[in-house]
Amino acid sequence: MTNAPTTSQNPLDIQQIKYFLALSQELHFWNTAEKMFITQSALSRQIKALEDELGVTLFERSKRNVKLTEAGAFLRDRWAPLLEEIARTHRQAKKIHEGALGSITIGYPGSVAYGFLPAVVSRIAQTLPELKVELVEPVDISFEELLLNFQMDLSFRRDPAQNPSLTSLCLYSEPFALIVPQNHWVTQENFKGLQDLQEEKFILSGLHQKTHYVNTLKQIFTEYNFTPNVHIASDFGTMILGLVARGLGISIMPSSYAFAAPPNVRFIHLPQKVNLYMTWRKDDNSPVLKNVLELSQQIAQEFSQGGDPLG
């Protein structure tokens, strides 16, 4: 009875393949050993072990020459690109592990679209150039719903999260601003308070909404003891700026909108402030998210310390 042929149970050693490829280029044991930082005898043992493992002679050796066999040349041509692909795959895996490769979807309100958010995206592009960023400005679906449904990874928003599965962090506070047409009678110098503007037509976000941001707006008017005459309601800041510029009313919005303001409107500081939060899923341990959270906090600190966005 004859025994069936057996195959080796030892996997090929990638390091041995690297030695083989280096020797196949140099065709000189001593030069290859120096290049690979091992002794010549150790290199010889590694090549012999590889040949024994494969059952193939890879090199024809003589006292003066080392030459690839036909089988050795075949393996050189096949293994070289495979090894390059393995190295490339390992580099990509390391980048994924470090949060430098992948993608992230970020939601934002319009008020940060011209100052803070471009600074964040620019910093990501500088420090994590292989990271894909998708920006979303939700309209009909809430930020929290998008986060909880994994349609968004991070959101910048004016309200802190209500759902216990989400985490919010306040990045910075900025003043509200009264926004008026360039030719309006009120200026920063003569402004005494909103009580002098009770008869004005206002263009505001819908005050019927039950958000922290809208409640803050309502509180501002409560402090001045009047209800604004909301002539036009809109949740789109750039639309509001355009309407104010045409003299259709005045508005109150975060001062960040000054970055997008047309030349024929003026921003007047108010003492009241509004916060910007970033919110993410509490159990999200993504390295990409961790990196973007850190970068966002850095930008927020620079943004808040860099002076008033109104200049």
Side-chain angles (χ1 to χ4, degrees), residues 99 104-124 127-128 133 135-138 141-148 151-179 204-205 207 209-223 235 237 251-260 267 269-311:
I104 188 167
T105 302
I106 301 174
Y108 66 95
S111 57
V112 302
Y114 305 93
F116 174 74
L117 184 59
V120 170
V121 175
S122 177
R123 185 66 58 85
I124 291 173
T127 59
L128 303 168
V133 178
L135 301 176
V136 180
E137 186 178 3
I141 304 177
S142 74
F143 282 79
E144 294 197 10
E145 184 179 344
L146 289 169
L147 283 165
L148 293 170
Q151 295 174 273
M152 184 186 295
D153 304 302
L154 172 66
S155 74
F156 298 113
R157 48 184 289 172
R158 295 299 179 181
D159 296 352
Q162 300 299 315
N163 192 293
S165 297
L166 302 174
T167 297
S168 287
L169 176 69
C170 183
L171 290 171
Y172 64 85
S173 299
E174 62 177 294
F176 275 104
L178 174 68
I179 307 170
L204 298 170
S205 292
L207 296 181
Q209 299 179 47
K210 297 180 180 180
T211 65
H212 181 75
Y213 174 75
V214 169
N215 288 338
T216 304
L217 274 179
K218 290 179 180 179
Q219 182 61 37
I220 291 174
F221 292 110
T222 299
E223 291 177 17
D235 291 324
S251 186
I252 294 176
M253 293 196 297
S255 56
S256 291
Y257 275 110
F259 288 111
F267 281 62
H269 295 286
L270 296 178
Q272 293 83 4
K273 292 191 174 185
V274 61
N275 295 329
L276 181 70
Y277 298 86
M278 61 179 180
T279 301
W280 65 96
R281 289 181 295 276
K282 189 174 293 185
D283 59 354
D284 192 339
N285 298 314
S286 162
V288 167
L289 176 64
K290 178 177 178 292
N291 287 339
V292 174
L293 291 176
E294 291 176 356
L295 291 177
S296 299
Q297 290 179 76
Q298 292 172 14
I299 294 297
Q301 186 174 10
E302 296 169 13
F303 190 80
S304 59
Q305 292 176 350
D308 194 328
L310 303 181

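The shortest non-hydrogen separation linking L171 to S296 is CD2-O, 4.3 Å. Across every non-hydrogen atom of F259 and G115, the tightest pair is CD1-CA, 3.6 Å. Closest non-hydrogen pair, M152 versus T105, comes out as CG-O, 3.7 Å. What you find for G107 and F143 is that their closest heavy atoms are C-CE2, 3.6 Å. Minimum interatomic distance between P160 and E144 (heavy atoms only, all atoms of both residues): O-OE2, 4.2 Å. In this structure, K273 and S173 approach most closely via the heavy-atom pair CD-CB, 4.2 Å.
Applying the side chain to side chain contact (heavy atoms under 4.5 Å, CB included) test to S122 and every residue at least two apart in sequence or in another chain returns Q126. Shown here are the ring pair (Phe, Tyr, Trp, His ring centres under 6.0 Å) partners of Y108, two or more places apart in sequence or in another chain: there are none. Annotation: salt bridge (Lys or Arg N to Asp or Glu O under 4.0 Å) contacts of K290 (sequence neighbours excluded): E294. Under the rule for a side chain to side chain contact (heavy atoms under 4.5 Å, CB included), the partners of L207 that lie at least two apart in sequence or sit in another chain are L204, V214, L217, K218, P228, V230. For the side chain to side chain donor-acceptor pair (under 3.5 Å) test, residues two or more places apart in sequence or in another chain that qualify with S165 are N163. For V274, the side chain to side chain contact (heavy atoms under 4.5 Å, CB included) partners at least two apart in sequence or on another chain are R158, E174, F176, Y213, P254. Not counting sequence neighbours, the partners of S168 by the side chain to side chain donor-acceptor pair (under 3.5 Å) test are T279. Here Y114 pairs with nothing under the ring pair (Phe, Tyr, Trp, His ring centres under 6.0 Å) rule; sequence neighbours left out. Listed by chain and residue number, nothing satisfies the side chain to side chain donor-acceptor pair (under 3.5 Å) test with T127 (two or more places apart in sequence, or in another chain). Residues forming a side chain to side chain donor-acceptor pair (under 3.5 Å) with Q272 (at least two apart in sequence, or on another chain): E223. Partners of D153 by salt bridge (Lys or Arg N to Asp or Glu O under 4.0 Å), not counting sequence neighbours, listed by chain and number: R281.
Remark: F156 CZ to W280 CH2 distance equals 10.0 Å, nearest 0.5 Å. Between the CG atom in L276 and the CG atom in L169 there is a gap of 10.0 Å [rounded to 0.5 Å]. Expressed to the nearest 0.5 Å, how far OG of S205 lies from CD1 of I252 amounts to 11.0 Å. The OH atom of Y172 lies 12.0 Å from the CE atom of M278; values are rounded to the nearest 0.5 Å. For the atom pair D159 CG and N215 CG, the distance stands at 8.0 Å (nearest 0.5 Å).
Within a 6.0 Å radius of NZ in K282, other residues, nucleotides and ligands contribute more than 12 heavy atoms.
Checking side-chain atoms of S255 against main-chain N and O of P175 turns up a donor-acceptor pair under 3.5 Å.
Contact check for L295 versus I299: no side-chain heavy atoms found under the 4.5 Å cut-off.
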Evaluation steps, side chain to side chain contact (heavy atoms under 4.5 Å, CB included), between I106 and I104: CA-CA 6 Å; I106 301 174; I104 188 167; 4.2 Å; yes
Let me see the working for L147 and S155 under side chain to side chain contact (heavy atoms under 4.5 Å, CB included), right down to the final yes or no. CA-CA 8 Å; L147 283 165; S155 74; 3.7 Å; yes
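For residues 162-173, the set of pairs meeting the salt bridge (Lys or Arg N to Asp or Glu O under 4.0 Å) definition, not counting sequence neighbours, is empty.
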